[in-house]
4 protein chains.
Amino acid sequence: VGNSRLEAFSDGVFAVAITLLALNLAIGGPGHGALTGQLLSHWPAYVAYVVSFSTIGVIWVNHHALFSQIASADRRLLFLNLLLLFFVVSIPFTTSTMAEYLPANDSDAHVATATYGVIMTGMALSFDLVLWHSLRLNHVPAPPTRAGRFLIQLRFGVGTIVYVVATALAFVNVWIAVALFAATALYYVLQQSPKTPSAE
Amino acid sequence: VGNSRLEAFSDGVFAVAITLLALNLAIGGPGHGALTGQLLSHWPAYVAYVVSFSTIGVIWVNHHALFSQIASADRRLLFLNLLLLFFVVSIPFTTSTMAEYLPANDSDAHVATATYGVIMTGMALSFDLVLWHSLRLNHVPAPPTRAGRFLIQLRFGVGTIVYVVATALAFVNVWIAVALFAATALYYVLQQSPKTPSAE
Amino acid sequence: VGNSRLEAFSDGVFAVAITLLALNLAIGGPGHGALTGQLLSHWPAYVAYVVSFSTIGVIWVNHHALFSQIASADRRLLFLNLLLLFFVVSIPFTTSTMAEYLPANDSDAHVATATYGVIMTGMALSFDLVLWHSLRLNHVPAPPTRAGRFLIQLRFGVGTIVYVVATALAFVNVWIAVALFAATALYYVLQQSPKTPSAE
Amino acid sequence: VGNSRLEAFSDGVFAVAITLLALNLAIGGPGHGALTGQLLSHWPAYVAYVVSFSTIGVIWVNHHALFSQIASADRRLLFLNLLLLFFVVSIPFTTSTMAEYLPANDSDAHVATATYGVIMTGMALSFDLVLWHSLRLNHVPAPPTRAGRFLIQLRFGVGTIVYVVATALAFVNVWIAVALFAATALYYVLQQSPKTPSAE
């Protein structure tokens with residue numbers, strides 16, 4: 001029972017944020033040229049939608065896996081979780097901005113992609129803090145060994161490093177950055193942390 | 001407890017998506033002619049609203065019936081469920097696009113209706129995958145016989161086939177396609193799968 | 001457990017619909033005249049917001065009271081509940097339309113207010129169906145006597161009749177209709193049905 | 001179980017309201033000048049977003065702490081909670097209005113900031129009523145002494161007084177008012193009420 005409202009509130013925020021992503025799919029409508037052309041020229045919005053939907057989806061799955069192992073959250077964990085949600089809630093905005101500016105591939109596209117990367121980095125750092133606080137307070141029922149903890153944090157922290165790198169690379173080539181954002185989501189689909197046999 | 005967050009998150013997404021459908025009801029407002037005229041000429045939005053509301057409603061009811069029989073979801077099922085939600089979240093966009101283009105009944109109307117059909121087909125295929133994975137892993141507490149499984153999947157898969165047909169027919173006659181979308185929702189109101197006496 | 005998802009999904013829809021009402025508070029912003037003037041001239045939106053917020057709030061409280069007494073919903077009740085949500089989801093649209101047209105107090109204002117009334121009548125009728133189905137199947141744990149049932153349905157059905165009357169009166173005087181909408185919400189704040197000692 | 005739907009519905013409203021805050025981050029997009037310039041000039045939206053996100057986050061944390069101590073809500077508490085949600089739902093509107101008018105620092109900025117303060121005062125007063133009603137009816141399992149109650153209400157009520165002061169000061173200096181809004185959120189991060197050892 002201890003985490004039920006933390007989970008319910010977080011699930012609500014994840015659900016609203018992931019659904020708002022789709023608002024960005026909207027096209028000009030009648031009077032803006034042939035529909036097929038409008039839909040095809042809107043491809044950056046689809047790429048951004050797939051990457052952000054996957055990212056929020058993966059955040060939710062790992063949030064679910066982590067909190068299913070935490071017996072009871074303390075007040076500090078509630079606020080660290082709010083910090084994570086602060087960045088999650090910003091994802092629809094950075095997604096639509098990136099999608100709008102990507103195709104021009106100019107200096108604005110670099111800025112838009114880097115902005116996306118900054119929010120992702122903030123999200124990843126908050127999630128690291130949530131994990132770190134959970135491990136430190138031994139909230140996780142089966143506390144791992146010191147080496148085990150290090151491994152868990154390493155696996156988990158890898159995403160943060162990739163996001164920092166992708167943010168920097170956004171100023172060199174936006175598509176490499178976008179590919180790294182997509183690859184990070186895919187990595188966390190395959191890699192669950194903290195890994196335990198009964199982690200579902 | 002195993003599925004409580006999967007259900008809570010899915011319910012949140014279903015709830016937001018079904019409520020966003022109503023944003024499409026908005027009319028021009030003062031300065032766009034007599035209100036009665038505006039409301040009457042907006043009938044394609046009402047048709048699309050009724051069809052999409054019924055469809056998401058039915059998806060929710062069947063999602064509810066299926067997961068009430070699954071003891072505990074594994075990680076793969078979480079991601080298959082996310083794939084289903086990916087298409088559900090796109091429904092408000094395809095609904096409003098279809099409603100805007102339907103009345104002209106031109107080539108754009110065909111494209112808009114086919115786009116709606118493609119998203120519905122993707123939704124139905126993901127739901128088939130969710131069902132198939134549940135049956136394969138015997139998550140369902142009372143595993144049916146081989147013949148029983150086939151029947152369940154057939155009944156369930158029928159919608160997918162109708163969506164493919166409706167998508168193709170959208171290029172011939174948009175109203176036949178819309179009628180098939182509505183009929184599929186009605187079919188799933190009457191037909192529950194997997195069918196068990198205690199399925200609520 | 002039987003109703004937990006019905007309640008979670010309904011709560012999600014109620015929560016999104018009640019929050020979307022506030023989108024209607026938005027004003028023109030900088031460049032549309034002094035802010036005080038903009039805020040003051042926006043009073044019909046505040047009236048409509050208060051009436052619709054109270055109405056959805058009361059629907060939620062009575063939905064909560066009713067379903068807390070229903071042991072387990074059958075499939076038909078799920079769909080009757082969806083019908084109720086269909087009308088609830090339409091309330092933000094009819095609210096903003098009514099607010100936009102009210103001040104002119106012309107024939108459009110009559111139509112906008114009547115449209116609001118039609119959706120409210122549909123909502124009230126669906127709620128009557130939900131209650132009627134619950135009583136008929138004796139889902140309610142302590143089934144009342146025949147006379148008791150009649151009284152419950154009468155008290156509950158009064159709102160439906162008032163909505164029909166208000167819809168008709170909207171063509172005579174919009175403010176009488178709006179006052180009746182507000183009075184109905186107030187009536188259900190004070191009057192709970194089905195009335196039982198442990199109704200929370 | 002007594003409060004589960006009150007909590008679920010409130011969590012839904014908090015989640016939608018906190019996510020809608022981010023809609024205000026949207027910028028003009030392509031054709032409105034260099035992106036860096038657009039993002040930098042949008043700083044009042046970020047300030048308002050941080051303050052309002054923190055405020056709603058803190059309301060949620062304290063709502064969670066308070067209701068975890070209430071065994072079962074009565075009907076009056078449901079309506080007092082709805083009154084609280086009435087103000088919470090208005091926060092995205094007052095936030096975006098304040099953000100739009102702040103930079104000009106003219107009489108409109110004063111009005112916009114005072115409007116924000118009025119809604120915050122209403123929210124704080126409703127929360128005081130929720131707390132007062134809970135204490136009065138001894139819903140809280142370990143009813144404190146008379147002096148203890150006074151202290152709890154004092155600590156809790158401090159925010160209300162600060163909001164009233166900030167609203168008045170908005171007509172003198174908008175930035176002092178905004179700083180007080182931020183300080184109040186920070187105060188409630190550090191100060192929990194009612195304070196009990198097992199308050200999570």
Side-chain angles (χ1 to χ4, degrees), chain B residues 1 3-40 42 45-46 49-50 52-54 56-65 67-68 185-186 188-192 195 198-200, chain C residues 1-21 23-24 71-104 106-115 118-119 139:
Chain B
V1 162
N3 298 326
S4 68
R5 278 198 74 185
L6 182 149
E7 293 177 348
F9 177 64
S10 304
D11 282 350
V13 172
F14 288 135
V16 181
I18 214 168
T19 314
L20 289 184
L21 287 176
L23 293 186
N24 189 30
L25 299 177
I27 51 166
H32 291 77
L35 180 56
T36 311
Q38 284 191 61
L39 289 173
L40 291 180
H42 215 49
Y46 310 141
Y49 174 54
V50 170
S52 288
F53 189 99
S54 308
I56 297 183
V58 160
I59 296 170
W60 175 76
V61 171
N62 283 330
H63 193 272
H64 171 54
F67 279 90
S68 71
L186 194 65
Y188 283 113
V189 170
L190 304 174
Q191 177 70 43
Q192 180 187 12
K195 199 145 202 168
S198 61
E200 299 310 325
Chain C
V1 162
N3 298 327
S4 68
R5 279 198 73 185
L6 182 149
E7 293 177 348
F9 176 65
S10 305
D11 282 351
V13 171
F14 288 135
V16 181
I18 215 167
T19 314
L20 289 184
L21 287 176
L23 292 186
N24 189 30
S72 178
D74 65 354
R75 195 169 166 87
R76 192 162 296 178
L77 195 54
L78 297 185
F79 284 108
L80 290 178
N81 187 59
L82 274 173
L83 188 67
L84 171 63
L85 297 179
F86 178 86
F87 289 104
V88 168
V89 160
S90 313
I91 293 178
F93 158 64
T94 51
T95 302
S96 69
T97 302
M98 187 170 72
E100 283 178 317
Y101 284 98
L102 261 188
D106 54 3
S107 66
D108 280 352
H110 293 182
V111 173
T113 310
T115 304
V118 166
I119 292 296
H139 280 313

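Just the heavy atoms: all of them, side chains too, but no hydrogens, waters or symmetry mates, feed the values below. Numbered from 1 within each chain, the chains take letters A, B, ... in sequence-line order.
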Side-chain heavy atoms of B/Y49 within contact of C/S90, under 4.5 Å: yes

For the student: nearest non-hydrogen atoms of B/A22 and C/F93, plus distance: O-CB, 4.4 Å

Under 4.5 Å from any heavy atom of chain C - which part of B/L21: neither

Neighbours of chain B found in residues 107-114 of chain C - heavy atoms under 4.5 Å: C/D108, C/V111, C/A112

Inter-residue atom distance B/N62.CG - C/L78.CG, 0.5 Å rounding: 10.0 Å

Steps toward side-chain contact (heavy atoms from CB on, under 4.5 Å) verdict (C/V16, B/L20): CA-CA 9 Å; C/V16 181; B/L20 289 184; 5.6 Å; no

From B/L39 atom CG to C/T97 atom OG1, the distance as rounded to the nearest 0.5 Å: 7.0 Å

Step-by-step side-chain contact (heavy atoms from CB on, under 4.5 Å) determination, B/V58 to C/F79: CA-CA 8 Å; B/V58 160; C/F79 284 108; 3.9 Å; yes

Pairwise distance OG1(C/T115) to CG(B/L25) - rounded to 0.5 angstrom: 11.5 Å

Heavy-atom pair with the smallest gap, counting every atom of B/H64 and C/R5: CA-NH1, 3.2 Å

Contacting region of B/A8 [heavy-atom separation from chain C under 4.5 Å]: neither

Minimum heavy-atom distance C/E100-B/G29, with the two atoms named: OE1-CA, 4.1 Å

Note, B/F14 side chain near C/V13 side chain (heavy atom, < 4.5 Å): no

Distance in Å, B/I27 CD1 paired with C/S96 OG, rounded so as to fall on 0.5 Å steps: 8.0 Å

Top contributor to chain C contacts, counting heavy-atom pairs under 4.5 Å, from B/A34, B/G12, B/S10: B/A34

Separation between CG of C/L23 and CG of B/L23, rounded to the nearest 0.5 Å: 7.5 Å

Ring geometry between B/W60 and C/F9 (parallel below 30°, tilted from 30 to 60°, perpendicular above 60°): parallel

Heavy-atom closest pair, residues B/F53 and C/L82: CE2-O, 3.5 Å

